[in-house]
J.: 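Once you've had a glance at the structure underneath, I'll fire off some questions.
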Amino acid sequence: MTRIAVVYYSATGNVHRLAHALAEGAGDEGAEVRVRHVEEVFSEQLISQNQYWGRHRSEVEDEPVASLADLEWADGIAFGTPTRFGNVAAQLKILLDLAGELWERGALVDKVATSFTSSMTEHGGQESTILALNNTLYHWGAIVLPLGYTVHEVFNGGGNPYGASYTSDHRVEGPDEEALMVARAQGARLARVASVIGAARAAGLLTANAAAKTISLNEKEN
């Protein structure tokens, strides 16, 4: 069975809802799915000053937190983050940086990976956030999977070919059904492609590159 990890950070719940829709799409393709949010780094006092941030914290307090073991377990990984000045949220970036030990072992090579995001405004950095997140995936040697204009819903749901994205426009009710349809389509695509890559790996057609073992001492120290 293809194993899909959906790893995300969400402050007020928009990315959270996209993540679960994406997981639903992957599950519909027969994949085994783990949905994991990353740990919060801000204080509870600061979070409590924003009612929507605080409310969402209570929604996920009993849900599993993402770990490096989830990344290693998965055949395909979907990463979700809100835009932060057109970049990746610090909470998710911490997990990506900690994955250096997996990278050194070549444990992330040929993982199929895709990205999704949410912003407040239409031009709030959705595309640049996904592109910035993907930079890490290139270094891993992952197979970066865009959503592309592969389904009609991308045109209708305000998405883009880089990955599912939602514009909240100061609304608090969360992603609409069109945006969720885009996320489901991305999850289904991830599961299908990861299953093919996984089968190739199991057949010995793909082997993790041992280049990680030749990293210079200087590069490790950096």
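Basis for what follows: all heavy atoms, side chains included, without hydrogens, waters or symmetry-related copies. Along the sequence shown, residues carry numbers from 1.
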J.: Could you check whether Glu173 pairs with Arg17 (Lys NZ or Arg NE/NH1/NH2 to Asp/Glu carboxylate O, under 4.0 Å)?
T.: no
J.: Linking I/L/V/M/F/W/Y whenever any side-chain heavy atoms sit under 4.5 Å apart, do Leu137 and Val88 land together?
T.: yes
J.: Tell me if a side-chain donor or acceptor on Trp103 pairs with a main-chain N or O of His139 at a distance below 3.5 Å.
T.: yes
J.: With rounding to the nearest 0.5 angstrom, report the OG1 to CZ distance, Thr150 to Arg189.
T.: 5.0 Å
J.: Given the rule that I, L, V, M, F, W and Y join up when any side-chain heavy atoms are under 4.5 Å apart, are Met181 and Leu22 in one cluster?
T.: no
J.: Are there over 12 heavy-atom neighbours, none belonging to Glu122, within less than 6.0 Å of that residue's CD?
T.: no
J.: Which class fits the ring pair Tyr8 and His16: parallel under 30°, tilted 30 to 60°, perpendicular over 60°?
T.: tilted
J.: Nearest 0.5 Å please: distance from the CD atom of Glu72 over to the NZ atom of Lys111.
T.: 6.5 Å
J.: For Pro82 and Thr117, which heavy atoms make the closest approach, and how far apart are they?
T.: C-OG1, 3.8 Å
J.: For a side chain to side chain contact (heavy atoms under 4.5 Å, CB included) check, start with the C-alpha distance between Phe79 and Leu96, then their side-chain angles and the critical distance, and finish with the verdict.
T.: CA-CA 10 Å; Phe79 289 105; Leu96 298 178; 3.8 Å; yes
J.: Hey, does Leu147 have a side-chain heavy atom less than 4.5 Å from the side chain of Thr114?
T.: no
J.: Do the side chains of Leu180 and Arg184 get nearer than 4.5 Å, heavy atoms only?
T.: yes
J.: Other than Ile130, what residues sit in its cluster of Ile, Leu, Val, Met, Phe, Trp and Tyr side chains whose heavy atoms are under 4.5 Å apart, directly or through others?
T.: Leu131, Tyr162
J.: Tell me whether Val151 is reachable from Tyr149 by hopping between hydrophobic residues (I, L, V, M, F, W, Y) whose side-chain heavy atoms are closer than 4.5 Å.
T.: yes
J.: Can you check whether Leu71 reaches Val7 side chain to side chain, under 4.5 Å on heavy atoms?
T.: yes
J.: Shortest non-hydrogen contact from Ile4 to Ala74?
T.: C-CB, 4.5 Å
J.: If you measure from OG1 on Thr2 to CD on Glu29, what distance do you get to the nearest 0.5 Å?
T.: 9.5 Å
J.: Just by distance, with hydrogens left out, do Tyr9 and Glu40 show a side-chain donor and acceptor under 3.5 Å apart?
T.: yes
J.: Give the minimum heavy-atom separation between Ala99 and Trp140, together with the two atoms involved.
T.: CB-CZ2, 3.7 Å
J.: Which atom pair, heavy atoms only, marks the closest approach of Ala11 to Arg84?
T.: CB-NH2, 3.8 Å
J.: Please examine the side chains of Arg201 and Asp75, heavy atoms only from C-beta on, and report whether any two atoms are closer than 4.5 Å.
T.: yes
J.: With the 4.5 Å side-chain cut-off for hydrophobic clustering, are Val196 and Ile143 part of the same group?
T.: no
J.: Does OH belonging to Tyr138 count more than 12 external heavy atoms closer than 6.0 Å?
T.: yes
J.: Do Leu95 and Leu68 pass the side chain to side chain contact (heavy atoms under 4.5 Å, CB included) test, and can you show the C-alpha distance, the side-chain angles, and the key distance before you say yes or no?
T.: CA-CA 8 Å; Leu95 180 69; Leu68 297 183; 3.9 Å; yes
J.: What's the separation between atom CG in Asp176 and atom OH in Tyr166, rounded to the nearest 0.5 Å?
T.: 6.0 Å
J.: Of the non-hydrogen atoms in Ala5 and Asp70, which two are nearest, and what is the gap between them?
T.: CB-O, 4.0 Å
J.: In Å and rounded to the nearest 0.5 Å, what is the CG to CE distance from Asn14 to Met120?
T.: 9.0 Å
J.: Is there a donor in the side chain of Gln126 and an acceptor in the side chain of Thr167, or the other way round, less than 3.5 Å apart?
T.: yes
J.: Any chance you could measure Thr129, atom OG1, to Phe85, atom CZ, to the nearest 0.5 Å?
T.: 11.0 Å
J.: With a 4.5 Å cut-off on side-chain heavy-atom distances among I, L, V, M, F, W and Y, is there a chain of contacts connecting Val38 to Val65?
T.: no
J.: Ignoring hydrogens and angles, tell me if any N or O in the side chain of Gln186 forms a donor-acceptor pair with the backbone of Ser115 under 3.5 Å.
T.: yes
J.: I'd like to check Leu92 versus Leu133 (side-chain heavy atoms, cut-off strictly below 4.5 Å). Are they in contact?
T.: yes
J.: For residues Val35 and Ala23, report the shortest heavy-atom separation together with the two atoms involved.
T.: CG2-CB, 3.4 Å
